[in-house]
Amino acid sequence: MDIETRIRRRRDDGSRLIRDYEALSPVAHVDDPSGRGPAFERLLDHLDPVFDGRLPPNGYVHGDFGAGKSAVVTALFAHLTRLSADAGAVIHTSTRVAAPSSPAFAYVDLREAASEFAVHRAVLDAVTEDPIPEHGVSTADLRARLHDRFGGSDPGAVVAVDHVDDPDALGADALVDLFAGLPSGVSWLAVGRGPPASTPLTDYTARSIRIDPYRRRMLLDVLMARSSAGLARQGLDHDLARRLADWADGNAHDALAALFVAADRAEREGRTRLTEADVDVAIEGMPRPSVSLARVLTLPANKQRVLRALVDLDSADRDSVTATADAIAARPGVDLSRGTVERFLYELAETGVLDRVKAPRSGKGRPPSRVELRFPSAVFRRLYDLRG
DNA sequence: GATCCACGGGAATACACGGATG
DNA sequence: CATCCGTGTATTCCCGTGGATC
């Protein structure tokens with residue numbers, strides 16, 4: 001916990017249950033994910049060559065939703081980046097005075113880098129200090145810069161590429177092409193949910209590393225750690241945590257999301273401790289399978305705006321996609337055309353952020369469908385509003 | 001002037017149904 | 001009875017335009 005957080009918590013009055021939303025957020029990854037030691041070890045084994053200044057081969061990290069893949073990989077790459085910076089090993093300007101002596105590290109989230117251009121840009125941005133333009137320069141141009149940097153005697157870079165099988169991300173074929181176009185001095189570590197056999201990427205990897213789902217005991221630790229960081233003292237009873245952990249069945253995302261919903265409910269009702277009912281209602285209302293809130297919160301701004309309006313709609317306005325689009329487009333703050341909102345809704349359903357269910361037909365023509373959320377609305381609402 | 005990308009708009013296609021047709 | 005057709009919606013698909021930035 002950093003100093004600012006400590007001060008903020010000290011200042012909070014004792015009557016509030018939720019002290020720190022960020023600490024409860026299923027989207028936030030902590031610096032040192034508890035209980036993932038073995039996964040760290042296996043990743044370090046894979047990356048071992050970098051400690052001799054050499055490049056490891058390409059790899060693929062896989063595991064179920066909520067197993068902690070992103071948590072482990074982001075934490076590990078953050079540490080490695082820091083270490084190599086501290087060691088002065090990396091000097092990354094285009095006019096560098098000394099050549100670095102060991103590989104650089106970059107973490108790229110395909111949810112945020114949604115095009116070939118954006119991926120190239122993200123890699124460059126991570127390994128250089130120079131600002132990289134966002135416009136006015138072609139993708140080929142950026143690729144050329146990467147070749148300039150990593151084509152020759154430079155020790156190269158290891159790039160973690162997260163969420164390779166995200167429905168909104170570049171497709172597998174595009175990724176294969178993209179990786180093939182990278183200079184030989186770049187080694188990649190793809191991260192996805194699917195087993196190795198499910199992606200053509202593994203045709204180009206030397207190793208696959210599986211991250212197992214959280215064991216019950218570990219998930220319990222995660223819940224207790226997060227609630228002690230984010231809730232009032234004694235806010236979460238051990239038995240209730242166990243109940244959440246049992247229900248979540250190894251999925252840390254869902255466990256934390258449910259905890260968040262339960263805490264939100266308790267707080268709204270003025271309590272300073274979670275009750276069994278809070279947890280029951282939260283679990284009851286969790287869509288399963290759910291879509292990652294991190295995914296929802298990295299959607300393009302206007303799509304999030306549409307979703308933000310959607311979660312506040314009365315059910316009366318949600319009888320059909322058309323009606324929903326009308327209601328959303330009419331809201332202040334959403335200045336998209338009705339047609340665009342409607343298209344967004346279809347697209348969001350297509351990629352699994354929303355669900356389309358048959359609605360009772362109302363008169364003539366093709367029967368309409370209705371959209372339902374695949375994520376807990378309370379969590380999205382809070383986190384979205386928190387970000388202003 | 002170049003580049004990327006989000007929007008808007010609308011054409012094309014799919015679907016459901018009832019009635020007409022063979 | 002099986003099929004086709006017309007009508008009214010729903011859904012998908014595609015592409016030109018323009019803003020923002022370099």
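Chain naming here is simple, since letters A, B, ... match the order of the sequence lines and numbering starts at 1 in each.
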Please tell me which of the listed nucleotides, B/dC4, C/dT12, C/dG8, lies nearest to the side chain of A/K364? C/dG8

From the options C/dT11, B/dG8, C/dA10, select the nucleotide whose nearest atom is closest to the side chain of A/P368. C/dA10

Interface polar pairs with nucleotides 20-22 of chain C, N/O, under 3.5 angstrom:
| unit_1 | atom_1 | unit_2 | atom_2 | d |
| --- | --- | --- | --- | --- |
| C/dC22 | O4' | A/H135 | O | 3.2 |

How many Å lie between [atom1] on [X] and [atom2] on [N], as a whole number?
{"X": "A/L348", "N": "C/dT11", "atom1": "CG", "atom2": "P", "answer": "14 Å"}
{"X": "A/D355", "N": "C/dT11", "atom1": "CG", "atom2": "P", "answer": "13 Å"}
{"X": "A/H120", "N": "B/dT3", "atom1": "NE2", "atom2": "P", "answer": "16 Å"}
{"X": "A/L142", "N": "B/dC5", "atom1": "CG", "atom2": "C1'", "answer": "15 Å"}
{"X": "A/R343", "N": "B/dG8", "atom1": "CZ", "atom2": "C1'", "answer": "7 Å"}
{"X": "A/E342", "N": "C/dC13", "atom1": "CD", "atom2": "C1'", "answer": "14 Å"}
{"X": "A/D141", "N": "B/dA2", "atom1": "CG", "atom2": "C1'", "answer": "10 Å"}
{"X": "A/E350", "N": "C/dC14", "atom1": "CD", "atom2": "P", "answer": "13 Å"}

What nucleic acid atoms does [X] come within less than 4.0 Å of, heavy atoms only: base, sugar-phosphate, or nothing?
{"X": "A/R338", "answer": "nothing"}
{"X": "A/S138", "answer": "sugar-phosphate"}
{"X": "A/Y346", "answer": "base"}
{"X": "A/S320", "answer": "nothing"}

Pairs under 3.5 angstrom, nitrogen or oxygen only, protein versus nucleotides 11-17 of chain B, please.
| unit_1 | atom_1 | unit_2 | atom_2 | d |
| --- | --- | --- | --- | --- |
| B/dA14 | N3 | A/R366 | NH1 | 2.9 |
| B/dC15 | O4' | A/R366 | NE | 3.4 |
| B/dC15 | O4' | A/R366 | NH1 | 3.2 |

Are A/R288 and A/W247 in a cation-pi contact, defined as NZ or CZ under 6.0 Å from the six-membered ring centre and within 45° of the axis? yes

Rounded to the nearest 0.5 Å, how far does CG of A/L256 lie from CZ of A/R226? 5.0 Å

CG-OH distance between A/L80 and A/Y107, expressed to the nearest 0.5 angstrom: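 Separation between the atoms: 14.0 Å.
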
What pairs of residues pass the side chain to side chain donor-acceptor pair (under 3.5 Å) test when at least one of them lies in residues 211-224 of chain A, not counting sequence neighbours? A/R210-A/D212, A/R216-A/D246, A/R217-A/D221

Tell me whether the side-chain N/O atoms of [X] come closer than 4.0 Å to OP1 or OP2 in [N].
{"X": "A/T139", "N": "B/dC4", "value": "yes"}
{"X": "A/T322", "N": "C/dA10", "value": "yes"}
{"X": "A/R356", "N": "C/dT12", "value": "yes"}

Residues [X], [Y]: salt bridge by 4.0 Å N-O rule:
{"X": "A/D168", "Y": "A/R111", "value": "no"}
{"X": "A/E372", "Y": "A/R370", "value": "yes"}
{"X": "A/D45", "Y": "A/R207", "value": "no"}

Let me see the working for A/Y60 and A/L189 under side chain to side chain contact (heavy atoms under 4.5 Å, CB included), right down to the final yes or no. CA-CA 6 Å; A/Y60 179 60; A/L189 184 65; over 6 Å; no

For A/H253 and A/F65, take the angle between the two ring planes, folded into 0 to 90°, and tell me which bin it lands in: parallel under 30, tilted 30 to 60, perpendicular over 60. tilted

Does the side chain of A/F105 reach to within under 4.5 Å of the side chain of A/V50, using non-hydrogen atoms? yes

